[in-house]
Asker: 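Following this message is one structure expressed as structure tokens.
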Protein chains: 2
Amino acid sequence: MMSTLSISEENYLKAIFHLYTHDAGIGTNAIAHHLNTKAASVTEMIKKLAEKKLLTYEKYQGVVPTRKGFTLALGIVRKHRLWEYFLVEKLKFKWDEVHDIAEQLEHIKSERLVEQLDHYLGFPKLDPHGDPIPDKEGKMCAMNCCCVSDIKPNSNAKISGVKNHSPAFLKHLEKMKLTIGKTVKVIDRNDFDQSVELVLNHETMYISKEVAENLLVKKIKG
Amino acid sequence: MMSTLSISEENYLKAIFHLYTHDAGIGTNAIAHHLNTKAASVTEMIKKLAEKKLLTYEKYQGVVPTRKGFTLALGIVRKHRLWEYFLVEKLKFKWDEVHDIAEQLEHIKSERLVEQLDHYLGFPKLDPHGDPIPDKEGKMCAMNCCCVSDIKPNSNAKISGVKNHSPAFLKHLEKMKLTIGKTVKVIDRNDFDQSVELVLNHETMYISKEVAENLLVKKIKG
DNA sequence: TAATTTTTTTAGGTTAAACTAAATTATATT
DNA sequence: AATATAATTTAGTTTAACCTAAAAAAATTA
């Protein structure tokens, strides 16, 4: 029934899924940039995926994933995040080391494998970066979070994730001990450079605008 | 330095390695049959691998892996067997279910991943089929075993592996409770059909010539 | 040894996925 | 609205890996 997808096709689907859910515009160029490829290649692949009814496409109008395409993409994201969880929790990788490996593992084809892995890991809800892991049915918990720069001064918040997943950023956070689960108090935002003053472990610290915009937190009472 | 190999190249190398170590002849046709491909494709790929110094090749004379090619193939076998061990020991797959998945996992590229996995699994020496797992340096324990049909009557032996890895054979063994580690006593060989009489768990049973030839054991005193 | 069969190689073609450069359409700016 | 800029598509190549059919070499058999 469902002709199995190539790794390239899966990567396109996943990129489109991410642009569709996160960002705004989902044009040919955006996809090309996301996949480190060229617009011409994207146009070509888009046509193939449209043929397979994984997305709808009209010339010059961009694409929209179909339900089927969306579900498939969710499945790939599920695998990616489960593998990331495995790599960190079981194999003791750091959170900044797992992306590239999970990028390969997500393409392993075996329903059984995913379900057994999920079971083995204890059906985790979040991956090491705080991103929700879709369950077998594609359901995942909403993460009602916002970035530090959107928190109003003098409120407490718990670190819950990152917007930027680059190893450089993750390593930087690790060094500053700004890791998932930690509680911080946002003190003030500096008008000069948009840096943010906060308290972590009873110590005052300042984080740059860039960090504040990419660090996700959940407000907590207090 | 080392241009990374494609999945196809890896599969060719592995096939050549297996034919080279197990079987006798390692001709173009044998490789083609092993990889479910055609002789013409093999000739082509062989040339490429020879260019990369992974094997030596002379027209019509067959191929011989170089040290470099041999080492690389061992690395792939290492990964395959470690993943099989993982699938059975951690994810609770049956020994007849893991081959195809390991066939995919063996191509994941990450030195770190293999070493962490090996460590996590406790540096196993044998995979679920009794095949030795090469260590980081490519060393692996010799398995001085022979098939049941080569055991002389009235001797005890411990089941240590299989020659044939097909799910059908493995399921059949499982059903008969002829699993790795079990001790059997070889009673007699029937001249008529080469079937073998043996005792397992104090019960007499007969196994076909085919089973006897593909079940590997180690002689034990008694 | 000559003839036949088998194995291997060559030649030429196909497909998937990429690319560059040129053409086309859409968007933004005066 | 006309023009300039940006985004997208088309056309035509390239590469890796496969294929079939035909040619060439090696092995086997009469």
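A, B, ... follow the sequence lines: proteins, then strands. Residue 1 opens every chain. Reckoned from all heavy atoms, side chains included, excluding hydrogens, waters and symmetry mates.
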Asker: Using a cut-off of strictly less than 4.0 Å, decide whether Lys38(B) has a side-chain nitrogen or oxygen near OP1 or OP2 of dT8(C).
Answerer: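 It does not, given that no N or O in the side chain of Lys38(B) lies less than 4.0 Å from OP1 or OP2 of dT8(C).
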Asker: Expressed in angstrom and rounded to an integer, what is the separation of Ile26(A) atom CD1 from dT8(D) atom C1'?
Answerer: 15 Å
Asker: Verify the contact: side-chain N or O of Lys47(B) to OP1 or OP2 of dT10(C), cut-off strictly under 4.0 Å; return yes or no.
Answerer: yes
Asker: Let me know the distance between CD of Glu58(B) and P of dA25(D), rounded to the nearest Å.
Answerer: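 Distance, rounded to whole Å: 15 Å.
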Asker: For Met45(A) and dT10(D), give me the distance from atom CE to atom P, rounded to whole Å.
Answerer: 16 Å
Asker: Students often get this wrong, so: under 4.0 angstrom with heavy atoms, is Thr43(B) touching a base, only sugar-phosphate, or nothing?
Answerer: base
Asker: Is there a side-chain contact between Thr28(B) and the phosphate of dT9(C), meaning an N or O under 4.0 Å from OP1 or OP2?
Answerer: yes
Asker: Starting from P on dA6(D), measure out to NE2 on His33(A) and report it in whole angstrom.
Answerer: 16 Å
Asker: Between the side chain of Lys125(A) and the main-chain N/O of Cys141(A), is any donor-acceptor distance below 3.5 Å?
Answerer: no
Asker: Does Tyr57(B) have a side-chain nitrogen or oxygen under 4.0 Å from the phosphate oxygens OP1 or OP2 of dT8(C)?
Answerer: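 Checking Tyr57(B) against dT8(C): no side-chain N or O falls below 4.0 Å of OP1 or OP2.
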Asker: Side chain of His107(B), backbone of Glu10(B): donor and acceptor closer than 3.5 Å?
Answerer: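 Not a single qualifying donor-acceptor pair exists.
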Asker: Under 4.0 Å between a side-chain N or O of Thr37(B) and OP1 or OP2 of dC19(D)?
Answerer: yes
Asker: Can you sort out the partners of His172(B) under ring-ring contact (aromatic ring centres under 6.0 Å, His included), two or more places apart, ordered by chain and number?
Answerer: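 Per chain and number, His172(B) pairs via ring-ring contact (aromatic ring centres under 6.0 Å, His included) with no residue.
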Asker: If you compare every side-chain N and O of Tyr60(A) against the phosphate oxygens of dT10(D) (OP1, OP2), does one of them come in below 4.0 Å?
Answerer: no
Asker: With side chains defined as the heavy atoms from C-beta onward, is the minimum distance between His80(A) and His99(A) less than 4.5 Å?
Answerer: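 Sidechains of His99(A) and His80(A): in contact.
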Asker: Does dC19(D) have OP1 or OP2 sitting under 4.0 Å from an N or O in the side chain of Ser41(B)?
Answerer: yes
Asker: Mind calculating the distance between CG (Asn11(B)) and P (dA16(D)) to the nearest angstrom?
Answerer: 17 Å
Asker: Short question: side chain of Thr66(A), backbone of Leu54(A) - any donor-acceptor pair under 3.5 Å?
Answerer: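 Side chain of Thr66(A) to backbone of Leu54(A), a donor-acceptor pair under 3.5 Å: yes, one is there.
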Asker: Which sits closer to the 5' end of DNA chain C, Gln61(A) or Ala39(A), going by the nucleotide each is nearest to?
Answerer: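 By nearest-heavy-atom nucleotide position, the 5'-most residue is Ala39(A).
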Asker: With DNA chain C as reference, determine whether Ala40(A) or Glu44(B) sits nearer its 5' end, using the nearest nucleotide of each.
Answerer: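 Nearer the 5' end of the strand: Glu44(B).
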Asker: Whole angstroms only, please: what is the CD1-P distance between Ile46(A) and dA16(C)?
Answerer: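 Interatomic distance, CD1 of Ile46(A) to P of dA16(C): 18 Å.
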Asker: Whether Lys59(B) contacts dT8(C) is assessed here as follows: a side-chain N or O lying under 4.0 Å from the phosphate OP1 or OP2. Is that the case?
Answerer: no
Asker: Is the phosphate of dT8(D), meaning OP1 or OP2, less than 4.0 Å from a side-chain N or O of Asn29(A)?
Answerer: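 Yes, Asn29(A) has a side-chain N/O under 4.0 Å of OP1/OP2 on dT8(D).
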